[in-house]
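All remarks here apply to the structure that follows.
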Amino acid sequence: VLMSRTFVLLACVLVGVTARLAPHFLSVGSGIGMPSAVADKYHSTDSILNSLETLSQNCKYLSKHEVQATEGDSGHQRTNVAYTLTDPDSKKEGKKRMMLTFGMHGREYISPEVARYLAHFVCTGN
């Protein structure tokens with residue numbers, strides 16, 4: 001499926017940036033939930049991260065990476081999560097790479113759905 005391409009799905013933005021940038025009452029990761037206008041159309045942050053976690057345990061193309069990060073002024077520690085979508089059996093030399101980020105802004109719902117769908121499609125074929 002993925003012959004010589006590597007895709008990096010940065011789920012860290014779903015956890016860290018979304019919760020920080022969105023107003024508290026709209027923050028997907030706050031436990032309050034999504035605004036009712038979109039709640040029945042898109043998956044929650046937890047649902048997307050759980051889907052990626054489950055897929056990564058059963059799919060040789062998807063692997064999870066965790067990186068500890070410190071926020072600038074506050075010194076707050078958090079874990080950023082990234083997923084790499086690649087063919088582990090292909091040679092690394094000369095492999096084309098591309099990094100994609102999803103959910104960079106507070107009320108950005110469609111791009112995390114694209115990340116979830118892309119990983120699901122590569123891992124399951126449908």
Report task. Apply side-chain contact (heavy atoms from CB on, under 4.5 Å) to the pair Asp87 and Tyr61, showing each step before the final yes or no. Result -> CA-CA 5 Å; Asp87 183 356; Tyr61 299 111; 3.8 Å; yes
**Report entry** Closest heavy-atom pair and its distance - Gly103, Ser111
**Finding:** N-OG, 2.9 Å
Query raised in the report: If you measure only the distance, is there a donor-acceptor pair under 3.5 Å linking the side chains of Ser51 and His120?
Result: no
Report task. Would you name the heavy atoms of Leu62 and Tyr83 that are closest together and state the gap between them? Result -> CD1-CB, 3.7 Å
Query raised in the report: Shortest non-hydrogen contact from Leu85 to Ala119?
Result: CD2-CA, 4.1 Å
Report task. Indicate, with yes or no, if Leu52 and Val67 share a hydrophobic cluster defined by side-chain heavy-atom contacts under 4.5 Å among Ile, Leu, Val, Met, Phe, Trp and Tyr. Result -> no
Query raised in the report: Is the shortest side-chain N to carboxylate O distance from Asp89 to Lys60 below 4.0 Å?
Result: yes
Query - Stepwise side-chain contact (heavy atoms from CB on, under 4.5 Å) check, Arg78 with Asn80 - result: CA-CA 6 Å; Arg78 69 168 188 234; Asn80 291 329; 3.0 Å; yes
Report task. Apply side-chain contact (heavy atoms from CB on, under 4.5 Å) to His65 and Thr84, showing your working. Result -> CA-CA 8 Å; His65 310 276; Thr84 304; 2.7 Å; yes
Requested in this report: Working to the nearest 0.5 Å, report the span between CG of Leu55 and CG of Asn50.
Outcome: 11.0 Å
Query - Closest contact, heavy atoms only, His43 versus Glu113 - result: N-OE2, 2.5 Å
**Report entry** Separation between CD of Glu53 and CG of Asp46, rounded to the nearest 0.5 Å
**Finding:** 12.5 Å
Query raised in the report: Hey, does the side chain of Thr124 reach the backbone of Asn126 with a donor-acceptor pair shorter than 3.5 angstrom?
Result: yes
